[in-house]
Amino acid sequence: MSLKEWIECKHPTAWVEFEKGLIDEVELAKKFFKDGRQFDLGGKRKPDPDFYVEVLRHLEVEPTSCIFVDDRLLENVEAARNAGIAGIHFTNAELLRENLRQLGE
């Protein structure tokens with residue numbers, strides 16, 4: 001699935017509503033994807049190692065073709081790295097751009 005396809009399958013306002021406190025995590029999980037698929041991949045959630053395996057299976061890609069970005073280094077980013085996925089610890093947009101640039105070299 002390309003980034004464009006992934007963005008197109010997401011609900012257009014769910015994340016904004018969640019960030020503004022208009023909906024809770026349960027409601028976000030229900031409406032995050034426009035097609036109604038589960039947000040947590042059948043009960044698997046970060047940082048469960050099976051979560052990353054399921055994401056790779058769902059996307060039909062190898063771990064080496066993925067980049068995972070998250071603000072929780074010790075939990076989520078390290079778990080993605082342990083699954084063979086390039087993991088970036090998000091701290092700010094400028095550093096993220098630099099990290100992505102380095103991965104692209």
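Along the sequence shown, the residues carry numbers beginning at 1.
- Annotation: side chain of Val61 is in contact with side chain of Cys66 (closest heavy-atom distance under 4.5 Å).
- Taking the side chain to side chain contact (heavy atoms under 4.5 Å, CB included) definition, one finds that Arg57 meets it with Glu54, sequence neighbours left out.
- Residues Ile85 and Leu56 are in side-chain contact: their nearest non-hydrogen atoms beyond the backbone lie under 4.5 Å apart.
- Pro47 and Ala79 make their closest contact through O-CB, 3.5 Å (heavy atoms, listed as atom of the first residue, atom of the second, distance).
- From Ser65, atom OG reaches atom CG of Leu59 across 8.5 Å, with rounding to the nearest 0.5 Å.
- Other residues sharing a hydrophobic cluster with Leu100 under the 4.5 Å side-chain heavy-atom criterion for ILVMFWY residues are Ile67, Val69, Ile88, Phe90, Leu96, Leu103.
- Among pairs with a residue in residues 80-89, those fulfilling salt bridge (Lys or Arg N to Asp or Glu O under 4.0 Å) read Glu78-Arg81, at least two apart in sequence or across chains.
- Through ILVMFWY side-chain contacts below 4.5 Å, Val16 is grouped with nothing and stands alone.
- What you find for Leu95 and Thr91 is that their closest heavy atoms are CD2-OG1, 3.2 Å.
- Remark: Glu19 CD is packed, more than 12 non-hydrogen atoms of other residues, nucleotides or ligands lying under 6.0 Å away.
- To the nearest 0.5 Å, the span separating CG on Asn76 from NE2 on His89 amounts to 9.5 Å.
- The ring-ring contact (aromatic ring centres under 6.0 Å, His included) contacts involving residues 65-87 comprise Tyr52-Phe68, where partners must be two or more places apart or lie in separate chains.
- Note on residues 85-99: pairs passing salt bridge (Lys or Arg N to Asp or Glu O under 4.0 Å), not counting sequence neighbours, are Glu98-Arg101.
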